[in-house]
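Here the structure comes first, spelled out in structure tokens, and everything after it is commentary.
Note that the structure is predicted; figures quoted are calculated from it, not measured. Protein chains get the first letters and strands the later ones, always in sequence-line order, with residue 1 at the start of each.
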Number of protein chains: 2
Amino acid sequence: MRKQEPLKLRQSKQRNRILELLRSTGSHPTADWLYDQLKKEFPRLSLGTVYRNLSTLIDQGLVKKIHFGSTFDRFEANIQPHYHLICESCGTILDFEMPIYDDLNQQAKQLTNFNIRHHKLEFFGMCESCNGKG
Amino acid sequence: MRKQEPLKLRQSKQRNRILELLRSTGSHPTADWLYDQLKKEFPRLSLGTVYRNLSTLIDQGLVKKIHFGSTFDRFEANIQPHYHLICESCGTILDFEMPIYDDLNQQAKQLTNFNIRHHKLEFFGMCESCNGKG
DNA sequence: GTCCGTGCAAAAGCTTTGCAGCCTT
DNA sequence: AAGGCTGCAAAGCTTTTGCACGGAC
């Protein structure tokens, strides 16, 4: 998370591909996964470059970082407000096509002096695939 | 998160105090904060001991780990289901005295084949103190 | 006496950063 | 030509772990 004034960005094949990859997958990948994928196209790619570009894309508002209790961060290019479904068995994260309950904020505001702006909602359970195995 | 069979636990002053401290504060502290506090009572305390005991207490179900997007974990001894208020300005985390909306799970279940068991809800905004400053 | 808990130190794992050279504008 | 971008490597930070000793039961 940079605190400086915005830089004059230039095009970079690496950054473009990172964004494309993120937009083409629903898997909320890690930096390392992106690195492994792009290593095929850019054999000399470094993880530092992946992290730096993810940081830049986040500053631009094109990518979001997801924290959900794992040891490593995940990233997504779906910047529309949405909830997540998280499988407690295999760790899969899915975007949840469920309407945002803005009303929750209103209800919450009546119970606290906290100035509530938004909320984050995640559902946990078992995905279809894991459910079948159990 | 240990996967083994439960061990026969013994009493330990360090572990008892960690739990007491967690129960006496609403600040959802980090392992490092607990370490700093208890270093006064146990001058030879090590961070490893704090982490190991937190892990043990979590296994016992007496403590929960909170992940919320920082680089370090926080812990709490409030094991009742509850939501959190998180200040985006100062990082403070408060337990939110708001009823759990179990109905959310029911509504969600109608929209997916995912086997939903529970959800996590966090509200973000500005705490009273930070609100006054802005 | 047994064996769990501790302190110490090293290691692990993810992320950030300094630097010199490259590439976009 | 200017300066953002890259690869490489080192460093940073939080958390985990191996080991021998100490303490609870």
Inset, instruction - Please work out which of the three classes, parallel, tilted or perpendicular, describes the rings of B/Phe124 and A/His118, given edges at 30° and 60°. - result: parallel
Inset, instruction - For residues B/Glu122 and A/His119, determine if any side-chain heavy atom of one lies less than 4.5 Å from a side-chain heavy atom of the other. - result: no
Legend entry - Cluster check A/Val63, A/Ile79: I/L/V/M/F/W/Y, side chain < 4.5 angstrom: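 Unlinked, A/Val63 and A/Ile79 end up in two clusters.
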Legend entry - Co-membership, hydrophobic cluster, residues A/Phe42 and A/Leu54, 4.5 Å side-chain: yes
Rounded to the nearest Å, what distance is computed from the [atom1] atom of residue [X] to the [atom2] atom of nucleotide [N]?
{"X": "B/Leu45", "N": "C/dA9", "atom1": "CG", "atom2": "C1'", "value": "15 Å"}
{"X": "B/Asp73", "N": "D/dT16", "atom1": "CG", "atom2": "C1'", "value": "12 Å"}
{"X": "B/Lys8", "N": "C/dG1", "atom1": "NZ", "atom2": "C1'", "value": "14 Å"}
{"X": "A/Leu47", "N": "C/dG13", "atom1": "CG", "atom2": "P", "value": "14 Å"}
{"X": "A/His67", "N": "C/dC14", "atom1": "NE2", "atom2": "P", "value": "16 Å"}
{"X": "B/Asp59", "N": "D/dT16", "atom1": "CG", "atom2": "P", "value": "11 Å"}
{"X": "A/Tyr35", "N": "C/dT16", "atom1": "OH", "atom2": "P", "value": "16 Å"}
{"X": "B/Phe42", "N": "C/dT6", "atom1": "CZ", "atom2": "P", "value": "9 Å"}

Inset, instruction - Please name the pair of heavy atoms, one in B/Leu45 and one in B/Lys39, separated by the smallest distance, quoted to 0.1 Å. - result: O-NZ, 3.3 Å
Legend entry - Nucleotide nearest B/Asn53 (side chain, heavy atoms from C-beta), chosen from C/dG7, C/dT6, C/dG5: C/dT6
Legend entry - Proximal nucleotide (of C/dG7, D/dC5, D/dG7) relative to the A/Ser46 side chain: D/dG7
Legend entry - Residue whose closest nucleotide on DNA chain D lies nearer the 5' end, A/Pro43 versus B/Phe72: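 Mapping each residue to its closest nucleotide by heavy atoms, the 5'-most match is A/Pro43.
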Legend entry - Gap between atom CG of B/Asn53 and atom OG of B/Ser55 - 0.5 Å precision: 9.0 Å
Legend entry - Carboxylate-amine/guanidinium proximity below 4.0 Å for A/Arg23 and A/Glu20: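 Not counted as a salt bridge, because no side-chain N and carboxylate O are separated by less than 4.0 Å.
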Legend entry - Distance test, side-chain N/O of B/Thr49 to OP1/OP2 of C/dG7, below 4.0 Å: yes
Inset, instruction - Produce a footprint string for nucleotides 18-25 of chain D: one letter per nucleotide, 5' end first; B if the base is under 4.0 Å from any protein heavy atom, S if only the sugar-phosphate is, - if neither. - result: B----BBS
